[in-house]
Amino acid sequence: MKPFLERLALPDGASWATLNRRLDGEIPFQWHHHPEFELTMTLNSRGQRFIGDHIGSYDDGDLVLVGPNLPHSWCSAAKVEETAPHVALVMWFLPQWAAPIGGVFTELRAVAAMLERARTGLKFSDTAAAEARPLIEALFGLPPDERLIQLLRVLALLSRDAGAEPLASPLAVAADQPANRGRIDRVLDHVHRRYAEKLSLEALADIAALSPSGLHRLFLRHTGQSVTGYLARLRIGAACALLSGGDRPIATIAADVGYDSLANFNRQFKAQRAVTPRQYRQRFRVGG
């Protein structure tokens with residue numbers, strides 16, 4: 001069965017669409033890509049965000065703009081308010097928007113420039129996301145003919161965000177043969193679902209219907225890193241979400257994300273985050 005969001009199709013004659021997605025259990029990992037831009041605000045949820053070759057943590061109010069054909073997914077680790085659902089407020093719009101916005105409506109050239117930057121993903125600053133949040137929430141309650149104007153207001157506001165951060169590398173959206181894209185998608189989906197298990201290069205190569213060396217080259221071309229390096233980033237990213245979202249013992253978290261050795265987990269964590277797991281948890285609690 002294809003992931004839910006992979007089946008996106010804009011209504012006939014429409015240039016954009018919205019989705020107010022509410023999930024009581026979790027936001028599942030659903031690796032997918034589509035030709036539209038996607039602006040997503042995630043509420044009452046924290047976990048991991050995967051945009052191309054970017055892996056990072058997200059929290060309540062996270063706001064990201066994803067470019068066309070850039071693979072992406074969110075995967076929740078916890079809710080902020082346990083009795084309320086995870087919420088994803090999603091807006092899709094066609095890439096053809098970029099040309100007229102910048103060429104015809106000269107006042108919106110900053111928006112066109114932002115859309116160009118978003119082809120590798122943009123994470124907006126907390127300040128800009130907080131300012132945009134009431135506009136986005138209100139958008140979903142407006143009549144269809146007023147939603148477009150509201151979306152343009154949101155994009156104009158975000159185009160002024162000097163703190164917006166790029167996410168993926170250009171390599172992540174490089175064109176490739178459909179067969180290769182299918183292979184890498186199958187492998188990434190398997191890795192993301194089973195990263196806490198022991199995963200061998202040979203087993204992953206079987207999923208891709210390639211030799212281990214062929215998978216290594218394909219993985220390196222699509223993600224900019226080896227399978228081992230990507231897996232380590234994924235595990236540490238999952239650990240960050242667990243460390244920031246509760247009080248479970250660090251040794252338990254290490255085991256949950258796939259590390260048999262606490263010493264190895266601590267070493268890998270510090271190599272990626274420049275702090276120990278304990279220091280990370282302490283800094284997160286004081287807003288660092």
Side-chain angles (χ1 to χ4, degrees), residues 2-21 30-42 49-54 62-74 88-124 128-129 132 135-136 139-140 144-161 164-182 184-185 188 221-224:
K2 291 184 178 180
F4 174 75
L5 291 178
E6 190 178 347
R7 298 193 298 271
L8 165 69
L10 296 181
D12 290 341
S15 66
W16 76 294
T18 60
L19 174 66
N20 186 341
R21 193 182 190 198
Q30 295 178 325
W31 189 249
H32 66 289
H33 50 89
H34 43 71
E36 295 82 9
F37 281 95
E38 178 181 313
L39 180 64
T40 296
M41 171 163 273
T42 313
R49 182 197 321 110
F50 308 92
I51 312 292
D53 55 7
H54 157 83
D62 185 68
L63 183 58
V64 168
L65 180 58
V66 177
N69 297 313
L70 178 61
H72 57 280
S73 182
W74 280 252
L89 301 178
V90 187
M91 292 140 279
W92 295 286
F93 51 94
L94 293 172
Q96 290 89 325
W97 276 34
I101 281 179
V104 178
F105 303 107
T106 56
E107 297 84 357
L108 295 178
R109 282 179 179 169
V111 174
M114 177 186 69
L115 296 181
E116 185 60 33
R117 291 168 57 213
R119 291 187 178 276
T120 55
L122 280 178
K123 191 270 183 188
F124 296 101
L135 297 177
I136 292 173
L139 181 152
F140 284 79
D145 57 339
E146 295 181 25
R147 288 187 180 186
L148 176 59
I149 297 173
Q150 186 80 337
L151 178 59
L152 290 174
R153 287 195 186 104
V154 171
L155 294 177
L157 185 159
L158 296 178
S159 71
R160 298 190 290 271
D161 182 16
E165 301 174 2
L167 296 176
S169 70
L171 185 68
V173 290
D176 205 346
Q177 296 297 322
N180 283 341
R181 174 59 76 182
I184 196 67
D185 284 355
L188 287 171
R221 186 163 71 249
H222 276 270
T223 70

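Keep in mind that this is a model prediction, so the values were computed, not measured.
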Check E36 against P95 and note the closest heavy-atom contact, atom names and distance. CA-CD, 4.1 Å

Kindly compute the distance separating CZ (F93) from CG (L39), expressed to the nearest 0.5 Å. 6.5 Å

Considering only heavy atoms from C-beta outward, does the side chain of L167 approach that of F50 to under 4.5 Å? no

Closest non-hydrogen atom pair between G67 and F37, with its separation: CA-CD2, 3.8 Å

Find out whether L65 and L158 are in side-chain contact, i.e. whether some heavy atom of one side chain is under 4.5 Å from a heavy atom of the other. no

Once rounded to the nearest 0.5 Å, what's the spacing between atom NZ of K123 and atom CZ of R49? 6.0 Å

A113 backbone acceptor or donor facing R117 side chain under 3.5 Å: no

Could you label the plane-to-plane angle of the H34 and H32 rings as parallel, tilted or perpendicular, counting under 30° as parallel and over 60° as perpendicular? tilted

Identify, with sequence neighbours excluded, every residue that meets side chain to side chain contact (heavy atoms under 4.5 Å, CB included) alongside T18. W16, M91, L139, F140, R147

Nearest non-hydrogen partners of A128 and L157, listed with the distance: O-CD2, 3.9 Å

Looking at V90, is its backbone amide N or carbonyl O close enough to the side chain of E38 to form a donor-acceptor pair, meaning the two atoms are under 3.5 Å apart? no

Checking side chain to side chain contact (heavy atoms under 4.5 Å, CB included) for the pair D185/H33: CA distance, chi angles, key distance, verdict? CA-CA 10 Å; D185 284 355; H33 50 89; 3.1 Å; yes

V66 side chain reached by T40 side chain, heavy atoms, under 4.5 Å: no

Can you tell me how far CG of L122 sits from OG of S159, rounded to the nearest 0.5 angstrom? 11.0 Å

State the CD-CG distance between Q150 and L135, to the nearest 0.5 angstrom. 5.0 Å

Please report the interatomic distance CE(M41) to CG(L63), rounded to the nearest 0.5 Å. 4.5 Å

Gap between atom CG of N20 and atom CG of L89 - 0.5 Å precision: 5.0 Å

Specify the closest pair of heavy atoms between A168 and G52, including all atoms of both residues, with the distance to one decimal. CB-CA, 4.1 Å

Carefully, step by step, assess I51 and W74 under the rule side chain to side chain contact (heavy atoms under 4.5 Å, CB included). CA-CA 9 Å; I51 312 292; W74 280 252; 4.0 Å; yes

For F124 and M114, run side chain to side chain contact (heavy atoms under 4.5 Å, CB included): C-alpha distance rounded to whole Å, both residues' side-chain angles, the deciding distance at 0.1 Å, then the answer. CA-CA 11 Å; F124 296 101; M114 177 186 69; 3.8 Å; yes

Do you know which two heavy atoms are closest between A156 and V111, and how far apart they sit? CA-CG2, 3.7 Å

